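Notes follow the structure.
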2 protein chains.
Amino acid sequence: MDIQLKRGILEVCVLKAIKKEDSYGYKIIKDMKPYIEMSESTLYTILKRLEHQEMLIVRTEEFNSRLRKYYHITSKGLERLNEFVEDWRELMLIYQFVTKEDVSND
Amino acid sequence: MDIQLKRGILEVCVLKAIKKEDSYGYKIIKDMKPYIEMSESTLYTILKRLEHQEMLIVRTEEFNSRLRKYYHITSKGLERLNEFVEDWRELMLIYQFVTKEDVSND
DNA sequence: CACAATACATCATATCACGAAGTATATAAA
DNA sequence: TTTATATACTTCGTGATATGATGTATTGTG
């Protein structure tokens, strides 16, 4: 799929992936794989960005003497998801502009 | 609206704007305004890109001793519009992932 | 012991939308 | 006449962002 088209939705996908329950990078990628694929470098960039925007908070936990960074969505992150629905509505109107049939007026 | 979300659709909006009949930069912006706004620098960048990708062809015409560059969509451009519909279907599935209700299994 | 899987980090690069600023003409308003 | 606005296109620099490549480190698995 066109990369540009993915850009607007990648971030909210990550938020959604941690909405139900806290999750960590490696798992997020696997959970999203059936819907949308993203490289590790992309995900960790997004996670850092979302953290910086206070849409999620991080805690580090040890699992099998290996570190895991668990991400938890904040109210700001939930708000972002709601705003996305609004934006999508607007995008649907644009989509209709792109796909509407031109009626010829000969 | 979120800029990132617009990215995937800007190009096809321009293609759509010249699909029915050949048009020129200034008019394209005005025609699209009710649906989506874009700055002149953005439009002319996109037009140049689409020309380079052979999705449209250009001819220069004089109008009131002022030059106009008319853009005409090619078969490649029309193809691009069809592919966009396919991409959009895929995007809808991702959208559903983002907005679906998580059923709690307590 | 080698290799895949798990888990995260960093860097350089390419693409792209956009504001700012510029060039030039025609027309309407002061 | 001067000024402002609309038309029409161009160029440049910047910031945001997705991604491949590469690296580090540990835990299974064959």
Side-chain angles (χ1 to χ4, degrees), chain A residues 1-15 17-18 22-33 35-53 55-71 80 84 87 90-91 94, chain B residues 1-15 17-18 22-33 35-53 55-56 58-71 80 84 87 91 94:
Chain A
M1 194 175 69
D2 179 26
I3 303 167
Q4 301 306 315
L5 210 52
K6 279 168 68 180
R7 285 178 95 99
I9 210 164
L10 274 177
E11 248 186 49
V12 286
C13 276
V14 174
L15 285 175
I18 64 166
D22 298 356
S23 189
Y24 55 95
Y26 204 80
K27 186 168 187 295
I28 293 170
I29 287 183
K30 282 173 72 181
D31 288 346
M32 293 196 324
K33 199 148 198 164
Y35 305 97
I36 189 168
E37 292 191 41
M38 107 179 38
S39 72
E40 290 180 66
S41 54
T42 300
L43 177 67
Y44 289 112
T45 303
I46 289 175
L47 284 171
K48 203 158 279 176
R49 193 161 70 235
L50 288 172
E51 186 191 354
H52 195 255
Q53 293 170 346
M55 301 214 179
L56 45 78
I57 48 175
V58 196
R59 72 172 188 282
T60 304
E61 261 180 42
E62 201 177 308
F63 181 81
N64 268 20
S65 65
R66 200 191 286 130
L67 287 184
R68 269 189 195 163
K69 293 178 81 173
Y70 279 90
Y71 296 90
R80 172 80 162 83
F84 175 72
D87 279 352
E90 214 175 310
L91 198 64
I94 303 172
Chain B
M1 194 175 70
D2 180 26
I3 304 167
Q4 301 307 313
L5 209 53
K6 278 168 68 180
R7 284 177 94 99
I9 209 164
L10 274 177
E11 246 186 50
V12 286
C13 275
V14 174
L15 284 175
I18 64 166
D22 298 357
S23 191
Y24 55 95
Y26 205 80
K27 185 168 188 295
I28 294 170
I29 287 183
K30 281 174 72 181
D31 287 346
M32 293 196 323
K33 197 148 199 165
Y35 305 96
I36 190 168
E37 291 192 41
M38 98 177 50
S39 71
E40 290 180 67
S41 55
T42 300
L43 176 67
Y44 289 110
T45 303
I46 289 175
L47 284 172
K48 203 158 280 176
R49 192 160 71 235
L50 289 173
E51 186 191 354
H52 195 255
Q53 294 169 346
M55 300 211 180
L56 46 79
V58 196
R59 72 171 187 281
T60 303
E61 263 181 41
E62 200 178 308
F63 182 82
N64 268 20
S65 65
R66 201 191 286 129
L67 286 185
R68 270 189 193 161
K69 292 177 84 173
Y70 279 91
Y71 296 90
R80 172 81 162 83
F84 175 73
D87 280 352
L91 197 64
I94 303 173

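Lettering follows sequence order; numbering is per chain, from 1. Source: prediction; values computed, not measured. Heavy-atom basis, side chains included; hydrogens, waters and symmetry copies ignored.
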- Message: Rounded to whole Å, how long is the line connecting atom CZ of R68(A) with atom C1' of dA9(C)?
- Response: 18 Å

- Task: May I ask you to verify whether the side chain of E40(B) and the base of dC9(D) hold a donor-acceptor pair under 3.5 Å?
- Result: yes

Protein and nucleotides 24-26 of chain D: nitrogen or oxygen contacts under 3.5 angstrom:
from	atom 1	to	atom 2	distance (Å)
dT26(D)	O2	R66(A)	NH2	3.4

- Message: How many whole angstroms separate atom CD1 of I46(A) from atom P of dA9(C)?
- Response: 14 Å

- Note on the structure: I29(B) CD1 to dC9(D) P, in whole Å, measures 9 Å

- Query: Between T45(A), I28(A), V14(A), which is the residue that forms a side-chain contact (heavy atoms from CB on, under 4.5 Å) with M38(A)?
  - Reply: V14(A)

- Message: Which heavy atom of M32(A) sits nearest to which heavy atom of A17(A), and what is that distance?
- Response: CG-CB, 4.1 Å

- Query: Rounded to whole angstroms, how far apart are CE on M38(B) and C1' on dC16(C)?
  - Reply: 13 Å

- Closest non-hydrogen atom pair between I94(A) and Y35(B), with its separation: CG1-O, 3.6 Å

- Query: Where do G25(B) and L47(B) come nearest, in terms of heavy atoms and distance?
  - Reply: CA-CD1, 4.3 Å

- Output yes when at least one side-chain N/O atom of T42(A) is less than 4.0 Å from OP1 or OP2 of dT19(D), else no. yes

- Starting at OH of Y71(A), measure out to CD1 of I18(A) and round the result to the nearest 0.5 Å. 9.0 Å

- Classify the side chain of S39(A) and the base of dG20(D) as holding, or not holding, a donor-acceptor pair under 3.5 Å. no

- Item | Gap separating the CG atom of L91(A) from the CZ atom of F84(A), nearest 0.5 angstrom | 8.0 Å

- Whole-Å distance separating the CG atom of L43(A) from the P atom of dT10(C): 14 Å

- Message: Does dT11(D) have OP1 or OP2 under 4.0 Å away from a side-chain N or O of Y44(B)?
- Response: no

- Item | Working for side chain to side chain contact (heavy atoms under 4.5 Å, CB included), residues R80(B) and L56(B) | CA-CA 11 Å; R80(B) 172 81 162 83; L56(B) 46 79; over 6 Å; no

- Message: Heavy atoms only, 4.0 Å cut-off, all strands: where does K27(B) land among base, sugar-phosphate and nothing?
- Response: nothing

- 5′-ward residue of the pair L67(A)/K48(A) relative to DNA chain C: L67(A)

- For DNA chain C, find the residues of residues 1-14 of chain B with a heavy-atom distance under 4.0 Å and give them by number; none if there aren't any. I3(B), K6(B), R7(B), L10(B)

- Atom CD in E11(A), atom CG in L43(A): separation rounded to 0.5 Å? 11.5 Å

- Query: How many Å lie between NZ on K30(A) and C1' on dA7(C), as a whole number?
  - Reply: 11 Å

- L47(B) has an atom CG; how far is it from atom P of dT10(D), in whole Å? 9 Å

- Would you say dA16(D) has OP1 or OP2 under 4.0 Å from some side-chain N or O of R49(A)? no

- Message: If you compare every side-chain N and O of Y26(A) against the phosphate oxygens of dA5(C) (OP1, OP2), does one of them come in below 4.0 Å?
- Response: no

- K69(B) NZ to dT10(D) C1', in whole Å, measures 9 Å

- Query: Nearest heavy-atom pair of Y24(A) and K69(A): which atoms, and what distance?
  - Reply: CB-O, 3.2 Å

- Query: Short question: side chain of K6(B), backbone of G8(A) - any donor-acceptor pair under 3.5 Å?
  - Reply: no

